[in-house]
Amino acid sequence: MARIALAFDPSASMSKGMYAISEAALNTEQLPKWMVMEPEIVEVTQTEIEAYEQQKMGQTQPENEAWLSLGKQHYAVGYLARSQFNGWERHRELKYELAVYKVLAMVGAIATQYHLTHPCSLDLGLLLPYGEYEDRHRFEKLLRKALKQFSFKGRPHWIELDRFICLPEGGGLIARGLTKDPKKYNALVLMVGYRNVSYLRQERGQIVEGQTANLGFLQLLEKICQMTSGYTPVQLIEPVFQAGTTVERKILKPLIRSRHPLSQKSELNELVAAVKAAKKTHYNNLITWWESRRLPQVDEMVLSGGTAHYYRSELSEYFTSSHWADYLERDLQKRVSAEAYHYRLTDLYGFWFYLNHQIRQAVLAV
């Protein structure tokens with residue numbers, strides 16, 4: 001029976017997975033494959049799905065045309081939801097509830113891409129914000145039920161959730177990203193992502209404290225939208241990130257909608273000023289939140305997350321004794337060809353090794 005091992009991060013900016021397919025226990029030397037999907041989810045009707053299937057032209061990867069059926073309900077997920085059904089990422093909803101649909105979509109895409117026969121077993125590792133970590137049992141219950149009744153692109157799937165392992169976001173760095181012996185030295189991981197900022201504090205090999213706040217990149221984008229007109233966070237994600245700390249005008253220029261030269265200049269000036277002002281406010285909010293935690297000194301501190309890299313120069317200067325798990329990222333770069341995803345996958349990559357180890361230990365114990 002085919003077995004899928006999947007380490008999954010249901011990020012609000014992009015669903016990310018590292019996986020392997022095997023007939024037996026995994027080994028830590030096996031190179032994981034990776035898959036990313038847009039975060040949007042939208043419920044659709046049977047009629048809408050049928051119309052899409054009849055009218056589509058060409059071939060694409062299954063993750064780019066993912067739709068699910070759960071009983072009589074149908075959902076478009078990822079790129080299909082974004083491009084064909086005006087889907088949106090529901091940032092205010094609990095991540096673990098949305099993660100059920102995202103996991104089903106990725107598992108279905110993997111099974112379709114590799115023509116897996118059924119039944120299949122699934123070993124799943126999930127990263128959740130620390131603030132939702134206690135919901136992991138609710139997620140597992142929802143997923144087990146959904147796996148028994150879902151179809152992917154009209155094809156029923158029979159997948160048994162064999163093992164489920166969950167860690168808070170940052171757990172992959174705790175497991176694989178530290179440079180000092182975690183049983184002897186205390187460490188702290190600070191993650192700044194698209195929706196949240198969170199930290200994990202570890203003492204004597206165990207996570208003893210953590211916290212999450214809604215101060216991710218989304219809050220920066222929403223502030224920019226409030227100070228300008230006509231933009232959405234989805235439109236701004238990549239340009240604002242690529243414009244960097246110096247806010248390069250040429251990167252933001254394609255966002256300008258006016259066709260008149262004078263209006264174009266004025267609109268660009270307004271956008272650049274908004275980005276700079278919002279960035280200053282957002283960064284100050286991050287630092288204020290951090291300082292209010294009043295955490296004890298640790299022997300090692302790791303910084304990570306896409307938004308943390310956006311503020312890399314500022315955070316490196318503020319946290320003078322921190323590091324970025326660079327050796328783990330260098331190893332990741334050998335496995336993942338797309339440069340834009342490297343820093344977004346670091347925590348998940350560390351988590352992959354943890355999941356792999358737990359699977360092997362469980363198999364050997366039988």
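Note that the structure is a prediction, hence the values are computed from the model and not measured.
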Are [X] and [Y] close enough that a side-chain donor and a side-chain acceptor fall under 3.5 Å?
X	Y	answer
Tyr79	Gln84	no
Thr45	Thr47	no
Glu329	His309	yes

field: CA sep, side-chain torsions, deciding dist, call: Tyr75, Phe150, side-chain contact (heavy atoms from CB on, under 4.5 Å)
entry: CA-CA 11 Å; Tyr75 302 88; Phe150 92 105; over 6 Å; no
- request: If the plane angle is over 60° it's perpendicular, under 30° parallel, otherwise tilted; pick one for Tyr354 and Phe351.
  value: parallel
Are [X] and [Y] close enough that some pair of their side-chain heavy atoms sits under 4.5 Å apart?
X	Y	result
Asp326	Arg330	yes
Cys225	Leu236	yes
Met35	Tyr19	yes
Glu169	Asp9	yes
Thr245	Lys279	yes
Glu134	Arg136	yes
Glu291	Tyr318	yes
His74	Gln46	yes

When you measure from the side chain of [X] to the backbone N and O of [Y], does any donor-acceptor pair fall under 3.5 Å?
X	Y	value
Asn186	Val298	no
Asp347	Gly172	yes
His260	Leu262	yes
Lys153	Pro62	no
Ser292	Trp289	yes

[atom1] of [X] to [atom2] of [Y]: how many Å apart, nearest 0.5 Å?
X	Y	atom1	atom2	value
Glu300	Tyr185	CD	OH	10.5 Å
Arg293	Thr288	CZ	OG1	10.5 Å
Leu355	Leu167	CG	CG	9.0 Å
Arg176	Leu332	CZ	CG	12.0 Å
Arg3	Ser22	CZ	OG	6.5 Å
Arg201	Gln211	CZ	CD	12.0 Å

Please check if atom [atom1] in [X] has more than 12 non-hydrogen atoms from other residues, nucleotides or ligands closer than 6.0 Å.
X	atom1	value
Lys253	NZ	no
Lys56	NZ	yes
Arg204	CZ	no
Lys180	NZ	yes

message: Would you say the rings of His282 and Tyr311 are close, in the sense that their centroids are separated by under 6.0 Å?
response: yes
- prompt: With ring centroids as reference points, do Trp290 and Phe319 lie under 6.0 angstrom apart?
  reply: yes
Can you give me the closest heavy-atom contact between [X] and [Y], atom names plus distance?
X	Y	result
Ala76	Phe85	CB-CD1, 3.6 Å
Lys102	Ser15	CD-OG, 3.2 Å
Pro39	Arg82	CD-NH2, 3.9 Å
Glu132	Tyr96	OE1-N, 3.0 Å
Pro168	Leu200	CB-CD2, 3.8 Å
Gln202	Ile174	CB-CD1, 3.9 Å

task: Would you please test Trp324 and Val302 for side-chain contact (heavy atoms from CB on, under 4.5 Å) and show each step?
output: CA-CA 6 Å; Trp324 295 81; Val302 184; over 6 Å; no
task: Scan Phe241, Tyr310, Tyr194, Tyr283 and name whichever one has a side chain to side chain contact (heavy atoms under 4.5 Å, CB included) with Leu220.
output: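 Going through the options one by one, the only one that passes is Tyr310.
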task: Take Tyr349 and Asp331 through the side chain to side chain donor-acceptor pair (under 3.5 Å) test and state the conclusion after the steps.
output: CA-CA 9 Å; Tyr349 186 52; Asp331 189 48; 2.5 Å; yes
- prompt: Does Phe164 have Arg144 sitting over its ring (NZ/CZ under 6.0 Å from centre, angle to axis within 45°)?
  reply: no
- request: Give the intermediate values and the outcome of side-chain contact (heavy atoms from CB on, under 4.5 Å) for residues Ile21 and Leu116.
  value: CA-CA 9 Å; Ile21 301 167; Leu116 299 184; 4.0 Å; yes
task: Take Trp158 and Cys120 through the test side-chain contact (heavy atoms from CB on, under 4.5 Å) and record every step on the way to the result.
output: CA-CA 6 Å; Trp158 295 271; Cys120 293; over 6 Å; no
